[in-house]
Amino acid sequence: MSDVDLGTAFIPALHKPPALLPIARHRETLLYMIETYPVTVVVGQTGSGKSTQIPQFLEQAGWCADGKIIAVTQPRRVAATTVAIRVADEFGCEVGKEVGYSIRFEDVTSSTTRIKFLTDGLLIREALVDPLLSRYSVIMVDEAHERSISSDILLGLLKKIRKKRPELRIIISSATLQAEDFRNFFSGSGDEKSLESESAADIGAIVSLEGRTYPIDILYMDTPAEDYVEKAVSTVFDIHTTEPKGDILVFLTGREEIDQAVQAISERSAQLPLGSEAILPLPLYAGLPTEQQMYVFDEAPVNFRKVIFSTNIAEASVTIDGIVYVVDCGFVKLRAYNPKTGIETLTATHVSKASAAQRAGRAGRTKPGKCLRLYTEEAYQALPDANIPEIQRSNLAPFVLQLKALGIDNVLRFDFLTPPPAELMIKALELLYSLGALDDYAKLTRPLGMRMAELAVEPMMAKTLLSAPAFGCSSEILTIAAMTSLGGSVWITHDGGKKEAESARRKFAAEEGDHLTLLNAYQAFVTKGRKEARFCRENLLNFKAMTRAASIRGQLRRYLERFGLAIDDSPAAAAHSDPATKAEQIRRCLTAGYFAHAAKMQADGTFRNVSGTTVLHAHPSSLMFNRKAEWVIFHEVMETGDKTYIRDITKIEKNWLLEYAPNFYKTK
DNA sequence: GAGCACTGC
């Protein structure tokens, strides 16, 4: 369900003719700057029209002569598609002709395409084939201030490419005032000892565009709130009873808080004076089924005020019009990676000032608004200016692998916008070495390492896939790779339907664990279910997720074929193999890729990692939650609150660990 | 015996 397909709902309702946008007045300045300077940083608020107008200005000014293309990258798929649709509309062409987009599984471009919107991750991949990105005359990196790991790496690559392609024009678009940092990054040599640094003024220009937002009143609390969920609920009632019409958007951190707040509003609504306007509370978070997410875009019924309780999804990814009041709890759940333990954590932390500003800005899209912050002004002043960039708190193994494949051998010296901590880099290098992707000199191995980099799955799964032919289970591992990469959205869980979900899963349950259960579910989907939505409904499978699994599987299958690896996924082959033998081949193959994620069950039913230092719990969604096992491997580990959970667990034999990872376990 | 913010190839 994270696979939201909100399509047209994301297109901003405000559809002013382009000539009326503030950016129109800056057209000549922008074109002059881009012509003159290799790097132009464009600072503009949401609604300034930078993403839609700049590429069209450039196209009109002749930047697509000689068949060159203007690329605009976005951090999210929905943004890439919806902006392309709007620009094609303004341009007066069909999407995929002069204006197109390209995202994973969807290349809507053609030989006539001049303006191409794509995700930043995809452009990095294009560099594997075309290292200088020579098809493009201009590359615009949109939403760079979000500091996604992909856009950070892309900026580093562009800086390298620029040195070999001085004619390339780079545009960085950002909503906040980090413009100087971006410009300084491109003017620095990246090497402190070098004196070759060009001056910032020679390299880059900064253009500021005014936005199209309305003034927003910001209000703080006198004293800190003890319980911000409770405070959010009472604040909603205060706004409702004292403030004029207008919908309310409340930022909380997660599903639990949101459900709690929605329920509290429903219960207490009865106390509202008779005849007064009612409140319609709506939840919004990524785990919600798509239909329920869509409710937030509907206009509230007559005599109702719409109140949306949302996670961070409404901060940048989803735009809801008509919001006049924003209530901000001041917290967000952030993912971080601990290189010492290799465990990801998901914890509530204070928002940054930039985040708080972005949240407040959601109130002023259609008329002047108000933002009520559930913290004191002193607390606000103490907030960090910006979030820690993703690249400084993530597992870097997939990105180190990509950089190596791009020919950047010394990744420790790669010119990062902000360098990640050395521990993160070392941890990533160690893992890649243990998987055989890097040799003793930390050089990418061929063909293994190079192939792992080309596969669009994380390194441990890439190793598993590439080992599969040797174990005689390519077809099954292809399915397992596709299913696990869906990230837990396979099963539908409706409210209060936990028991049903449990029994639905049990239909496909395999004694060996979750990976084989996922395999069974997929095989039933493509054979018995004949890919029908009805089959999915009856078995509480997420139809969209299953359909996506089928495309991912297809893509991975094509990679393996291209590598010349044998795949026999004919029904006849499946019929001729002994199920127990097949299951063992799969478990052995999984061990060959996931040996670093091994654990042993204790007498009390919890697990310990191999060194015995960390207590791990089977996630309640796992089959191993209430079953006995000895040694297992798992796909994912995450710490939330006070417990560390492992998900997608499969039983293995201890001696397989030594067999497939002798070097990894020898020293432990 | 209990639950994951978001994004991407």
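Each chain gets a letter, A, B and so on, in the order its sequence line appears, and its residues count up from 1.
- Separating the CD1 atom of I552(A) from the C1' atom of dC9(B) is a distance of 10 Å, rounded to the nearest angstrom.
- Judged as a side chain to side chain donor-acceptor pair (under 3.5 Å), and not counting sequence neighbours, the contacts of S134(A) are D130(A).
- Comparing dG8(B), dG1(B), dG3(B) against the side chain of T119(A) picks out dG8(B) as the nearest.
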Without placing hydrogens or testing angles, list every side-chain donor-acceptor pair under 3.5 Å for residues 388-406 of chain A, not counting sequence neighbours.
{"unit_1": "E390(A)", "atom_1": "OE1", "unit_2": "I149(A)", "atom_2": "N", "d": "2.7"}
{"unit_1": "Q392(A)", "atom_1": "NE2", "unit_2": "P419(A)", "atom_2": "O", "d": "2.8"}
{"unit_1": "R393(A)", "atom_1": "NE", "unit_2": "I388(A)", "atom_2": "O", "d": "2.9"}
{"unit_1": "R393(A)", "atom_1": "NH1", "unit_2": "R335(A)", "atom_2": "O", "d": "3.0"}
{"unit_1": "R393(A)", "atom_1": "NH2", "unit_2": "I388(A)", "atom_2": "O", "d": "3.3"}
{"unit_1": "S394(A)", "atom_1": "OG", "unit_2": "E390(A)", "atom_2": "O", "d": "2.6"}
{"unit_1": "N395(A)", "atom_1": "OD1", "unit_2": "A397(A)", "atom_2": "N", "d": "3.1"}
{"unit_1": "K404(A)", "atom_1": "NZ", "unit_2": "D409(A)", "atom_2": "O", "d": "2.8"}
{"unit_1": "K404(A)", "atom_1": "NZ", "unit_2": "A442(A)", "atom_2": "O", "d": "2.5"}

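- In this entry the distance linking CD1 of I103(A) with P of dC9(B) reads 7 Å, nearest Å.
- Note on L346(A): a base of the nucleic acid sits closer than 4.0 angstrom, heavy atoms only.
- Looking at heavy-atom distances under 4.0 Å, E344(A) makes no contact with the nucleic acid at all.
- Contact check, K643(A) against dA2(B): a side-chain N or O comes under 4.0 Å of OP1 or OP2.
- R76(A) comes within contact range of the sugar-phosphate backbone alone, with a heavy-atom separation under 4.0 Å but no base atom that close.
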* Any chance you could lay out the ring-ring contact (aromatic ring centres under 6.0 Å, His included) test for H350(A) and F331(A), step after step, and finish with the verdict? => CA-CA 5 Å; H350(A) 287 286; F331(A) 286 90; 4.6 Å; yes
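- Here dA2(B) is the nucleotide among dC4(B), dA5(B), dA2(B) with the atom lying nearest to any side-chain atom of P620(A).
- Here dG8(B) presents its P atom at 15 Å from CD of Q402(A), a figure rounded to the nearest Å.
- Side-chain nitrogen and oxygen atoms of T311(A) include at least one within less than 4.0 Å of the OP1 or OP2 phosphate oxygen of dC6(B).
- Looking at heavy-atom distances under 4.0 Å, S150(A) makes no contact with the nucleic acid at all.
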